[in-house]
Amino acid sequence: MIDRIGEDFSFYKTAVSLRQQRQEVLAANIANADTPHYKARDIDFSQALQQAMGNSMNLPAVKLDMTSARHIAGAGSTALQNDLLYRQPLQPSLDGNTVDMDVERMAFADNSMHYQSSLTILSQRIKGLMAALQQ
């Protein structure tokens, strides 16, 4: 039973993590709106989620390099790394920048809304489990 709960929360954890990663990419696009030759990037969320869940979250391990014998050896897992796609510009600028602020703002707002709704659903699921355990 605990495994089923863990699998359910694993999905939400993955979805929220991907939404957060996409938010960072979109924020970078907005921040570089005036940078010459900057190419707008984005993540295909549904493909990235299917890939992450299909791999059962088997992420490659990270080995930390030690520069001193007194350092503590450490290992961890990498963050979700997805292939960033280039956004096709609707109207490219003369300086080679492909950031369209209207598109970026809309994608940012849409992703924010989905991120918040994912957190709300996760919170409600946890509250439901807590209520069931208390009875």
Side-chain angles (χ1 to χ4, degrees):
M1 169 128 171
I2 297 296
D3 292 339
R4 288 182 42 190
I5 293 171
E7 288 174 15
D8 189 39
F9 286 149
S10 173
F11 172 78
Y12 289 112
K13 175 187 168 200
T14 304
V16 168
S17 177
L18 286 171
R19 289 279 175 205
Q20 180 264 334
Q21 184 179 1
R22 184 170 186 232
Q23 200 75 351
E24 289 177 5
V25 171
L26 295 172
N29 288 346
I30 292 171
N32 289 294
D34 295 328
T35 304
H37 303 291
Y38 182 81
K39 306 298 182 209
R41 310 287 303 262
D42 201 357
I43 296 172
D44 184 359
F45 179 78
S46 60
Q47 180 185 11
L49 185 62
Q50 287 176 353
Q51 181 183 11
M53 294 309 293
N55 292 340
S56 300
M57 299 302 293
N58 291 333
L59 300 174
V62 175
K63 184 176 183 291
L64 302 177
D65 290 332
M66 295 187 303
T67 57
S68 171
R70 296 183 301 179
H71 287 167
I72 299 173
S77 62
T78 60
L80 296 172
Q81 294 296 321
N82 297 297
D83 295 329
L84 291 177
L85 306 173
Y86 288 100
R87 189 181 306 277
Q88 294 296 322
L90 300 174
Q91 187 174 13
S93 64
L94 293 175
D95 66 357
N97 188 311
T98 62
V99 175
D100 182 354
M101 285 301 287
D102 293 332
V103 171
E104 298 302 325
R105 286 183 188 131
M106 186 61 119
F108 191 87
D110 181 62
N111 193 60
S112 296
M113 182 184 65
H114 282 96
Y115 181 83
Q116 188 63 42
S117 64
S118 295
L119 289 178
T120 302
I121 291 169
L122 182 58
S123 175
Q124 293 300 321
R125 302 233 3 148
I126 291 171
K127 286 179 184 176
L129 284 172
M130 293 298 292
L133 288 173
Q134 290 176 352
Q135 293 184 5

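Residues take their numbers from the sequence shown, with the count starting at 1.
Leu26 pairs with exactly one of Arg41, Arg105, Arg87 by the side chain to side chain contact (heavy atoms under 4.5 Å, CB included) rule, that one being Arg87.
Under a hydrophobic clustering in which Ile, Leu, Val, Met, Phe, Trp and Tyr are joined whenever their side-chain heavy atoms come within less than 4.5 Å, directly or via other members, Phe9 and Leu18 fall into the same cluster. There is no path of hydrophobic side-chain contacts, each under 4.5 Å, that joins Ile30 to Met106. Note: the hydrophobic cluster containing Ile121 also contains Phe45 (ILVMFWY, side chain heavy atoms under 4.5 Å, direct or indirect links). One hydrophobic cluster, built from ILVMFWY side chains closer than 4.5 Å, cannot hold both Met113 and Val25; they sit in different ones. Linking Ile, Leu, Val, Met, Phe, Trp and Tyr residues whenever their side-chain heavy atoms come within less than 4.5 Å places Met130 and Leu122 in a single cluster.
Residue-environment remark: CG (Asp110) exceeds the threshold of 12 foreign heavy atoms within 6.0 Å. Within 6.0 Å of CE on Met101 lie more than 12 heavy atoms contributed by other residues, nucleotides or ligands.
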* To do: Tell me, with the steps shown, if Arg22 and Tyr115 meet side chain to side chain contact (heavy atoms under 4.5 Å, CB included).
  => CA-CA 10 Å; Arg22 184 170 186 232; Tyr115 181 83; over 6 Å; no

* Asked: Are Val99 and Glu104 close enough, and set up right, to give a side chain to side chain contact (heavy atoms under 4.5 Å, CB included), and what steps lead you there?
  -> CA-CA 7 Å; Val99 175; Glu104 298 302 325; 3.7 Å; yes

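Not one N or O on the side chain of His37 forms a donor-acceptor pair closer than 3.5 Å with the backbone of Asn97. With Ser17 contributing its side chain and Lys13 its backbone, the two residues share no donor-acceptor pair below 3.5 Å.
For the pair Phe11 and Leu49, the minimum side-chain heavy-atom distance is below 4.5 Å. Inter-residue side-chain proximity for Phe108 and Asn29 is flagged as unmet; no heavy-atom pair is nearer than 4.5 Å. Between Tyr12 and Ile126, every side-chain heavy-atom pair lies at or beyond the 4.5 Å cut-off. A 4.5 Å side-chain heavy-atom check between Ile43 and Leu84 finds at least one atom pair inside the cut-off.
Nearest heavy-atom pair across Thr98 and Ala40 is OG1-N, 2.7 Å. Considering all non-hydrogen atoms of both residues, Ser112 and Gln23 come closest at OG-NE2, 2.6 Å.
Here the straight-line distance linking atom OG of Ser118 with atom CD of Gln20 works out to 12.5 Å at 0.5 Å rounding.
Side-chain contact of Asp95 with Tyr38: a donor-acceptor pair under 3.5 Å is absent, judged by distance alone.
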